[in-house]
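What follows is a single structure, written as structure tokens, with notes after it.
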Amino acid sequence: MSYTRRQFLAASTFSSISLLGVPAFASLTDDAISALTGGAGAVEGGISITAPEIAENGNTVPVEIDAPGAVAITLFADGNPTPSVATFKFGALSASRTASTRIRLSTTQNVVAVAEMEDGSFQMAKANVKVTIGGCGG
Amino acid sequence: MRLRICVLSLLISAPSFAYAQDSNSLTIDGQVMVTETAAPAHMENVDTIYSGWRFRSQETQAMEMDDFDNPAFVFLDKAYELWDAVDGTEGKSCSSCHEPEDFTGLRAQLPRVEGEELVTLEDLINRSRVEHMGAEPWKWSGTQMTSMTALVGLQSRGLPMDVAIEGDAKPFWEAGKEIYYTNVGQLDMACSSCHEDNYGMMIRADHLSQGQINGFPTYRLKNAKLNSIHGRFKGCMTNIRATPFKEGGAEFKALELYLASRSEGLSVETPSVRN
Amino acid sequence: MASGVKPRVKVPKTAEAGEAITIKTLISHKMESGQRKDGDGKLIPRSIINRFTAEFNGENVIDVALEPAISTNPYFQFDAIVPESGEFTFTWYDDDGDIYNATKKISVA
């Protein structure tokens with residue numbers, strides 16, 4: 001059976017995408033979290049991330065993190081070319097362990113917050129954000 | 001070829017339900033804005049007009065409701081500096097003759113006819129620069145011009161859009177209306193194809209608005225800066241694969257007048273935040 | 001030197017002793033991520049604000065390490081305790097070595 005060039009390209013693109021998809025970046029994030037927690041890993045729960053379910057534009061996605069009792073919070077975006085987003089260290093005059101910012105997301109992915117607690121343990125929260133392609137954004 | 005036609009009809013008609021504009025109300029730093037009103041009589045196919053704000057996500061809407069959260073205000077800071085900066089052969093700055101408050105109401109009435117010409121805010125600013133300051137005109141959609149049109153536009157924020165379309169303005173208005181309804185480009189679409197016939201629907205992942213211009217220049221999340229009216233027209237035409245008219249040219253000015261008339265009664269929201 | 005970089009800060013003018021207040025900060029900066037390509041297809045090098053700190057009367061409130069995934073015109077909102085009257089100092093550190101400052105006074109009744 002002979003393939004047209006179009007069919008061949010479509011088939012190979014599809015198979016390479018399924019090999020190289022989100023999982024590759026997700027493991028970069030796992031590595032980064034492992035490095036951050038010294039291999040101890042992070043437990044889900046206790047802290048929260050607020051992010052839109054659908055981001056109107058991946059350029060500017062508002063994100064808020066809240067981690068009562070945390071000393072520092074590190075944000076990752078597991079589908080970005082480089083997963084690290086920011087690290088917030090709270091000082092003596094910080095009134096609450098919350099911070100809001102605006103981030104860039106290159107594609108639909110999870111925003112992951114890892115908080116280092118006062119007792120040295122780590123907690124984690126994830127929010128999935130759909131990043132859409134504009135249809136006629138100009 | 002067959003594939004392209006299938007894809008195109010899928011893109012525009014796929015949603016069997018429309019995400020109509022929401023029913024949120026806009027207050028900016030305590031001032032209530034009109035984002036919905038009866039369409040002016042000359043619009044035969046639309047009963048109610050809505051500001052583009054009503055079609056954006058909650059997070060985008062929230063950014064416009066506070067002058068600090070509104071990223072456009074970074075450019076307002078620039079504009080205030082430009083206001084005081086001496087420029088040109090006459091050794092003057094805008095502030096030599098004007099206070100920003102002098103221009104309350106101006107944005108809501110533009111574009112308008114002066115003598116034989118239809119003038120926009122960019123025309124008035126450049127005219128002052130060239131004739132009164134002896135300075136170089138600014139680029140139509142450059143940062144300096146968009147920052148300044150934002151500053152002048154801000155003085156009218158909350159006032160209803162109200163442009164003249166009769167008398168001297170009529171021929172320009174008719175020309176603009178014709179452009180609005182004329183199909184152009186490879187995709188063979190007119191402004192009305194999306195903004196009158198399909199507002200409220202999704203085009204791929206974009207929520208189509210009515211294409212109102214009451215909030216321009218607008219801060220777009222897409223390019224993280226202020227966008228001029230003609231710059232936006234140019235982008236739209238490029239997207240339907242048409243050769244865009246010139247910014248500052250007769251066609252876009254006429255179209256600007258027609259569009260301004262379609263927003264009659266909506267509050268000026270300059271500088272707005274859009275996607 | 002990155003041009004056109006301007007900070008904006010929102011801090012209440014007054015507070016009660018020990019009250020928690022909300023602070024918003026923004027700085028106009030392109031935050032060139034290092035992912036974009038120029039017209040010739042060459043990568044435009046990264047050039048971002050990489051650190052932001054807020055202090056009150058010399059004591060640290062928050063210290064943020066930024067990566068290229070922070071949006072253009074970096075925006076932060078956070079809360080601070082105001083023990084007494086004084087001055088907030090906000091500092092942004094640029095990849096190119098520049099440091100930008102803003103200060104805001106607050107008085108405690």
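Chain letters run A, B, ... following the sequence lines, proteins first and then strands; every chain starts at 1.
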Would you please go through residues 88-103 of chain A and name the residues with a non-hydrogen atom below 4.5 Å from one of chain C, in numerical order? Phe88(A), Lys89(A), Phe90(A), Gly91(A), Ala92(A), Leu93(A), Ser94(A), Ala95(A), Ser96(A), Thr98(A), Ala99(A), Ser100(A), Thr101(A), Arg102(A), Ile103(A)

Interface residues of residues 48-68 of chain A facing chain C - heavy atom cut-off under 4.5 Å: Asn59(A), Thr60(A), Val61(A)

If you compare all heavy atoms of Ser33(C) against all heavy atoms of Arg104(A), which two are closest, and at what distance to 0.1 Å? CB-NH1, 3.6 Å

Side chains of Thr87(A) and Val64(C): does their closest heavy-atom pair fall under 4.5 Å? no

Where on Thr53(C) is there a heavy atom nearer than 4.5 Å to chain A: the side chain, the backbone, both, or neither? neither

Okay, Ile23(C) and chain A: the region with an atom under 4.5 Å from a heavy atom over there is neither

Which distance, rounded to the nearest 0.5 Å, do you find between the CD1 of Ile62(C) and the CD1 of Ile73(A)? 8.0 Å

Taking side chain as everything from C-beta outward and backbone as N, CA, C, O, which of these in Pro83(C) sits under 4.5 Å from a heavy atom of chain A? Side chain, backbone, both or neither. side chain

Give the minimum heavy-atom separation between Glu67(C) and Ala86(A), together with the two atoms involved. CG-N, 4.3 Å

Counting heavy-atom pairs under 4.5 angstrom with chain A, the leader among Lys24(C), Arg51(C), Met31(C) is Met31(C)

Neighbour count >12 (heavy atoms, 6.0 Å) for atom CD, Glu44(A): yes

Chain A contacts, top residue of Leu66(C), Asn73(C), Thr72(C), Asn50(C) (heavy-atom pairs, under 4.5 Å): Thr72(C)

Contacting moiety of Gln35(C), where chain A heavy atoms sit under 4.5 Å: side chain

